[in-house]
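Both ligands and their constituent atoms are indexed starting at 1 by order of listing. Treat the numbers as computed from the prediction; the structure is a model and nothing was measured.
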Amino acid sequence: MSLRKGIQLLAPRLGDQGARYLAAPLCSSAASLPLPSSDDRSPVCSSCIPAFSRGFSSNSALAPTTSGLPPTQHVMKNPTNIIDYDEHSHERFAPGDPGKRAFTYFVLTGGRFIYASAIRLGVLKFILSMTATKDVLAMASLEVDLSSIEPGNTITVKWRGKPVFVKHRTEEEIGKAKDEDISKLRDPQADDDRTQKPEWLVVVGVCTHLGCVPLPNAGDWGGWFCPCHGSHYDLSGRARKGPAPYNLEVPEYSFSDDTTLVVG
Ligand code: FES
């Protein structure tokens, strides 16, 4: 039920003062103007019509018509270029005023950038939630104390789930590794290209054939021997015999000082 209709029904029951009280918020002149009867088409007063007609109905649809037709039929049968818009919520530009399209697009574009940024943030958050966690990244590099490794010894450390061999080579072993004719090797690589300091050889302890862990200080070349299918690696970790197609991998490493190796 509309407010207008409600007041119309309540007016006889409330009496003059009650109806004025009800109409007061809608019509400042309600207290001084005659009150409507239940038969009246305008229940409060004629100056209240704009207040009641806000929304989809318009003044012209409620005002008395000159043709005697009901207002909606009168409007349809008498088209006019003078259109009475409801300007209660939106001020209307004067006819001929240039459009504000550029400003509207500017505001909309600004909002769309914010939406795009929020979507991008959400997508990145979701994708990055599947990447390595901080505890995994913290294990990405490994420090190895070299001070306790005697010349000729090899230690095995675990780095990113794989064994890494750190061999302290003697002068004799360095000489042997450097003297090899690399042109005859399956995976030709000079010893200098595989080490940063000649006395320290750092290689990943995974056989390049099918991934077994080779045994240190073994094999025909005194480096490593893979017991799975018999691959031999020399003192520089290069494949010399057996099915291994490549040399043992040299991981990324550096020396933070004379006695500390950082793998990764
Ligand atoms: S896995 Fe090492 S030789 Fe096959």
For atom 1 (S) of ligand 1, what's the nearest protein heavy-atom neighbour? Residue, atom name and distance, please. L210 N, 3.2 Å
Flag C212 as yes if one of its N/O/S atoms falls below 2.8 Å of atom 4 (Fe) of ligand 1, otherwise no. no
Report the atom name of the nearest N/O/S atom of H229 relative to atom 4 (Fe) of ligand 1. ND1
Between V263 and Y253, the two heavy atoms sitting closest are CA-CB, 4.0 Å
Atom NZ of residue position K176 - does it have more than 12 heavy atoms of other residues, nucleotides or ligands inside 6.0 Å? no
State whether the number of non-hydrogen atoms from other residues, nucleotides or ligands found under 6.0 Å of E172 atom CD is greater than 12. no
Pull out every atom of ligand 1 sitting under 4.0 Å from any heavy atom of S231, numbered as shown with elements. 3 (S)
How long is the span from the CG atom in D234 to the CG atom in L185, to the nearest 0.5 Å? 7.0 Å
Would you give the length of the straight line joining atom CZ of F225 to atom NE2 of H232, rounded to the nearest 0.5 angstrom? 5.0 Å
N, O or S of H209 under 2.8 Å from atom 2 (Fe) of ligand 1: no
